[in-house]
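Just so we're on the same page: letters track the sequence lines, and every chain starts at 1.
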2 protein chains.
Amino acid sequence: MRIGQLAQLVGVETQTIRFYEQQGLLSPPDRQDNRYRVYTEKHGEELAFIRRCRILGLSLAEIHELQSYQDDPHQPCTAVNALLDDHISHVRSQITALQALEKQLVSLRARCNDDREVKACGVLAGISEGNMHQQQVRHQPDNPMSCRFVSLSCRGKINHLIGLPDIS
Amino acid sequence: MRIGQLAQLVGVETQTIRFYEQQGLLSPPDRQDNRYRVYTEKHGEELAFIRRCRILGLSLAEIHELQSYQDDPHQPCTAVNALLDDHISHVRSQITALQALEKQLVSLRARCNDDREVKACGVLAGISEGNMHQQQVRHQPDNPMSCRFVSLSCRGKINHLIGLPDIS
DNA sequence: ATTGACCTTATAGTAGCTTTATAGTTTTAA
DNA sequence: TTAAAACTATAAAGCTACTATAAGGTCAAT
């Protein structure tokens, strides 16, 4: 099977497959005389595993970790479960943070009906007043289902922003 | 006020301030003879506005948009509200998607108690079986409160992954 | 013979910063 | 006074997980 076929089978782009190989997540396939990659069913399963992990929001690093566990099947699977528990708790804190954010946005939005000039807009005024704060959420690597709440909160300096009249 | 003081006041790093200036979000300050930046209260307010927007999950591009509205205070503020409404709906769909993900992760986790070998771990087996799917959520720019559900779903190819036994 | 579909590698771009490198300036402690 | 510490400057690379683009080689069919 060549790269295009594998790509179509699993539902990814060919570049993504090459990318995973380059990142050491997918075993390098044999090559034809013309240097075309030749894939087997084993590669299909490997790739599908990677994609399923990505759908679950695991980072490439975490997938790498899982793969290392797979390579050593007699270990206890405590680490696998720990990884998942960890990930679940991240997802939960993301949900919590986003819910708080939604509340804040909705209340901000309520400060203006559409029939004003920007000058009198309660939304912009609300941002400028700014009594907002944010939960402490740890930085997560970029992956399709993950949220980021990066440096803003992680520095603990954001406190300076709360009740900011002293800035002016 | 020099850059370090401004940074401490608002709670960001000095590099971040330079970055915002470079991105055209923060007005370029005057310079001393030694080329050190000199900031005024106005810059403090500008920077605080930017950070509050970031806390609300707005992208730098969206902040830029808001700033352009501020510069034209006699416009109707419909656009401001539209931007916010849009953002709120993104946040809501992120929450929904993450909740679905959490459910999936928790049910996966339930497939293994800790006392097995990796070989028999229901978690890894669960991923390898993989009956997972994902909502269609549009791509969002990277910002501290945003989630990404990038190419995986956006291609519609993910369907191939659902009920994947045909891969092997 | 050439068009088109496929494959190759290498490199740059995305977002919002952070980090590193290299260097000049100012402040402070000995 | 001098030397170290702390601050400032610019430029460029790094982070994540890809995506896109460039420039070319290979292959089947017309």
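Computed from coordinates, the Asp33(A) CG to dT26(D) C1' distance equals 12 Å when rounded to whole Å. Atom C1' of nucleotide dC7(D) and atom OH of Tyr39(B) are separated by 14 Å, given to the nearest angstrom. One atom, CD of Gln23(A), and another, C1' of dT16(D), lie 9 Å apart when rounded to the nearest Å. Distance, Ile17(B) CD1 to dT10(D) C1': 16 Å, rounded to whole Å. As rounded to whole Å, 13 Å separates atom P of dA9(D) from atom CG of Asp30(B). One can place CD of Glu13(A) at 17 Å from P of dA17(D), the figure rounded to the nearest angstrom. Between the CD atom of Gln15(A) and the P atom of dT11(C) there is a distance of 17 Å, rounded to whole Å. In this structure, Arg31(B) places its CZ atom 10 Å from C1' of dT10(D), rounding to the nearest Å.
The environment of CG in Asn34(B) is crowded: more than 12 heavy-atom neighbours from other residues, nucleotides or ligands sit within 6.0 Å.
Leu56(B) and Val106(A) fall within a single hydrophobic cluster, where Ile, Leu, Val, Met, Phe, Trp and Tyr side chains are chained together by heavy-atom contacts under 4.5 Å. In terms of hydrophobic clustering, with Ile, Leu, Val, Met, Phe, Trp and Tyr side chains grouped at heavy-atom distances under 4.5 Å, Leu83(A) and Leu101(B) are assigned to a common cluster. Leu9(B) and Tyr36(B) fall into different hydrophobic clusters, where Ile, Leu, Val, Met, Phe, Trp and Tyr residues are linked whenever their side-chain heavy atoms come under 4.5 Å apart, directly or through other members.
Comparing Arg2(B) and Ala61(B) by the nucleotide of DNA chain C whose heavy atom lies nearest to each, the residue mapping closer to the 5' end is Ala61(B).
Between Arg35(B) and dT10(D), a side-chain N or O to OP1/OP2 separation shorter than 4.0 Å is present. Of the side-chain N and O atoms in Arg51(A), one or more sit less than 4.0 angstrom from OP1 or OP2 of dC18(D). Of the side-chain N and O atoms in Tyr20(B), one or more sit less than 4.0 angstrom from OP1 or OP2 of dC17(C). Taking only side-chain nitrogens and oxygens, Thr16(B) comes nearer than 4.0 Å to OP1 or OP2 of dT18(C). Side-chain N/O atoms of Arg37(B) include one lying less than 4.0 angstrom from OP1 or OP2 on dA9(D). Taking side-chain N and O atoms only, Asn34(A) has a distance below 4.0 Å to OP1 or OP2 of dC27(D).
Within 4.0 Å (heavy atoms only), Arg18(A) reaches at least one base atom of the nucleic acid.
There is no side-chain donor-acceptor pair under 3.5 Å between His90(A) and Ser93(A).
The listed nucleotides are dC18(D), dG25(D), dC17(C); the one nearest the side chain of Tyr36(A) is dG25(D).
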